[in-house]
There are 2 protein chains.
Amino acid sequence: MATYKTRAQFVADDLRGRILGGEFKGGTQLRQDALARDYDVSRIPVREALLTLESEGLVEFHAHRGAFTTELSVAKIRELFDLRVLLETYVLRHAINGLTEADLKKAGDILRKYDQALNSGGDIDNWSEYNFAFHQALYAPAELPETLSLISQLNTKSDRYIRMQLVYTQEIEKAEQEHHGLLELARQGDADKACELLKTHIQEACEGIVALLEERAKQSETS
Amino acid sequence: MATYKTRAQFVADDLRGRILGGEFKGGTQLRQDALARDYDVSRIPVREALLTLESEGLVEFHAHRGAFTTELSVAKIRELFDLRVLLETYVLRHAINGLTEADLKKAGDILRKYDQALNSGGDIDNWSEYNFAFHQALYAPAELPETLSLISQLNTKSDRYIRMQLVYTQEIEKAEQEHHGLLELARQGDADKACELLKTHIQEACEGIVALLEERAKQSETS
DNA sequence: TCATTGCAGTTTGTATACAGTGTGCGAATT
DNA sequence: AATTCGCACACTGTATACAAACTGCAATGA
């Protein structure tokens, strides 16, 4: 969370993007030496970056065998999304109370920017950022930084799968509509309905991912 | 979470204990060189340990100025305890459904061991471990590993303050009684009452800590 | 007197170097 | 032919070494 950029942090940020972007499938070994050559740094900042990613749950260390990208089971994905429902409805409820015009405008601006990017054929990397930015903007007025940090953690862990779903299904438009709905309910101050919508928003994404994963599992069985 | 022990992990574990034990007050600088000499290792594992502790929220890095122990504001403490209520009642509810005799016995055993340690004048370090072990035993049957991990995070962040409260007030006996009550309600399968008790158990601890901190703030003002 | 600049000392962040441990392949044995 | 042993290689984990950056103090100037 430090505001400055060490080499280690640069590597961590870039590597996170590569993992979330799907460049490394689950369980692949990340060799420190190779990564060090990739980024033209020594292995020390690479190790530190890997440790950071370990704490984020994207990577696991094994004794004297180094770091491997993690892969989530369907059960864990379900658990993560259930947690997201629990925590995000919790903050949304808190946020809606103290929502100002400025907050609504900010969230609306992000949403509009995102609409534009979408219409002009924006790609997935941007989508993740916009999606996260919108949710954060909506949650920020709750002034619960620790909670937001937890939510951010959960998102990081599941982001790979969300992107996967977006690539293979056409869920983006639907998510977009739900975002507009969410913003409208927030504007009206209807916390119950907003939370209900948020809940189904998250749960449907989860089910989409699970369906996709199980279909894949079947395919690799028969092949 | 790797199961093996590198020097870095040893340092991290020990240092965590020292921070939580109150050896370093909030905001004190942790010099890598000094720690390296302390543990008779080079600065590399020390740095890695500090990075681990940073991800746990016990330490903060500042640009070219190294690591400092963090200090929580009253608002953040309240937020953390509110989160604990939310997450712990959530898992307790799930756990109570699938609770077996073996689970109850395990939790009971821990509680008994803890009673013994308490009667023979056990100290605070042990208390933290026992307390955590008891809660984990009670929550484990929920089979929600990610959730338990989040709860564990929250506990780590607030553990310093819990210990402080226990040192300065005589809350241990009360907590102990509540633990027994919790176990009994779990045995009866009364999720509602158990969650209610857990909620007040956590909230009262929070209020105790906040009262203590505010008293201290007043004292340092007048002095 | 107070602010500003420059320098020395200290500490971090990283590169290089090295020792220990796991891995995989081939030889030897049954 | 299959299994076990051993050796060479590869990679990790850590120590040492070095450069950049920050801190604090002293000297200078207004």
Side-chain angles (χ1 to χ4, degrees), chain A residues 1-20 23-71 156, chain B residues 1-20 23-71 156:
Chain A
M1 284 300 138
T3 54
Y4 62 110
K5 275 272 194 184
T6 63
R7 287 165 155 88
Q9 291 192 2
F10 177 82
V11 173
D13 290 342
D14 191 86
L15 198 52
R16 184 187 304 109
R18 289 169 75 183
I19 293 173
L20 295 180
E23 181 172 339
F24 306 101
K25 300 296 166 188
T28 59
Q29 186 173 8
L30 299 175
R31 293 220 178 70
Q32 300 175 359
D33 210 359
L35 291 173
R37 270 198 302 275
D38 258 24
Y39 290 103
D40 197 38
V41 297
S42 83
R43 276 175 39 236
I44 301 287
V46 170
R47 272 187 70 78
E48 294 186 355
L50 289 172
L51 282 170
T52 301
L53 297 179
E54 184 194 25
S55 77
E56 294 173 6
L58 296 180
V59 146
E60 265 179 5
F61 272 75
H62 295 268
H64 289 283
R65 305 205 302 121
F68 295 76
T69 55
T70 56
E71 187 150 37
T156 300
Chain B
M1 285 300 138
T3 54
Y4 62 109
K5 275 270 195 187
T6 63
R7 286 163 210 244
Q9 291 194 1
F10 177 82
V11 174
D13 289 342
D14 192 86
L15 198 52
R16 185 187 302 111
R18 290 170 75 184
I19 293 174
L20 294 181
E23 182 171 339
F24 306 100
K25 301 296 167 186
T28 58
Q29 186 173 10
L30 300 175
R31 291 221 177 68
Q32 299 175 359
D33 209 1
L35 291 174
R37 270 199 301 276
D38 258 23
Y39 291 103
D40 198 37
V41 297
S42 82
R43 274 175 39 234
I44 301 289
V46 170
R47 272 186 70 79
E48 293 187 356
L50 289 172
L51 281 170
T52 301
L53 296 180
E54 183 193 26
S55 76
E56 295 173 6
L58 296 180
V59 146
E60 266 179 5
F61 272 75
H62 296 267
H64 289 283
R65 307 204 302 123
F68 295 75
T69 55
T70 56
E71 188 152 37
T156 300

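Every chain is numbered from 1, with letters handed out A, B, ... down the list of sequences. Fair warning: this is a prediction, and the values are worked out from it, not measured in the lab.
- Atom-to-atom, NE2 of A/H62 to P of D/dT12 comes out at 13 Å; the value is rounded to the nearest Å.
- Distance from the side chain of B/H64 is smallest to D/dC22 among D/dT14, D/dG13, D/dC22.
- Rounded to an integer number of Å, the gap from A/Q29 CD to C/dT23 C1' is 10 Å.
- The separation between B/L50 atom CG and C/dT11 atom P is 15 Å, rounded to whole Å.
- Distance check, rounded to the nearest 0.5 Å: CZ of B/R65 to CZ of B/R31 gives 10.5 Å.
- Between the P atom of C/dT11 and the CZ atom of B/F68 lies a distance of 12 Å, rounded to the nearest Å.
- Comparing A/I44 and B/L30 by the nucleotide of DNA chain C that holds the closest heavy atom to each, the one mapping nearer the 5' end is B/L30.
- Of the candidate nucleotides C/dT11, C/dT14, D/dT12, C/dT11 has the atom nearest to the side chain of B/R31.
- Rounded to whole Å, atom C1' of C/dT16 lies 12 Å from atom CG of A/D33.
- Summarising the geometry, the separation between CD on A/Q9 and C1' on C/dT14 is reported as 14 Å, rounded to the nearest angstrom.
- DNA chain D is contacted by both B/E48 and B/R43; B/E48 maps to the nucleotide lying nearer its 5′ end (nearest heavy atom per residue).
- Within the model, atoms CG of A/D13 and NZ of A/K5 stand 3.5 Å from one another, a figure rounded to the nearest 0.5 Å.
- The interatomic distance linking B/E54 (CD) with C/dT12 (C1') rounds to 14 Å, in whole Å.
- For D/dC11, neither phosphate oxygen OP1 nor OP2 lies less than 4.0 angstrom from any side-chain nitrogen or oxygen of A/Q32.
- For the residue pair A/A12 and A/A49, the shortest heavy atom distance occurs at N-CB, 3.5 Å.
- When distances are taken from the side chain of A/R65 to each of D/dG13, C/dG13, C/dG22, the shortest belongs to C/dG22.
- Among the nucleotides D/dT16, C/dG13, C/dA15, the one closest to the side chain of B/R47 is C/dG13.
- Nucleotide D/dC11 holds its C1' atom 13 Å from the CG atom of A/L35, rounded to whole Å.
- By the 4.5 Å heavy-atom criterion applied to side chains, B/E54 and B/L50 are not counted as neighbours.
- Rounding to the nearest 0.5 Å gives a distance of 7.0 Å between OG1 of A/T156 and CG of A/L20.
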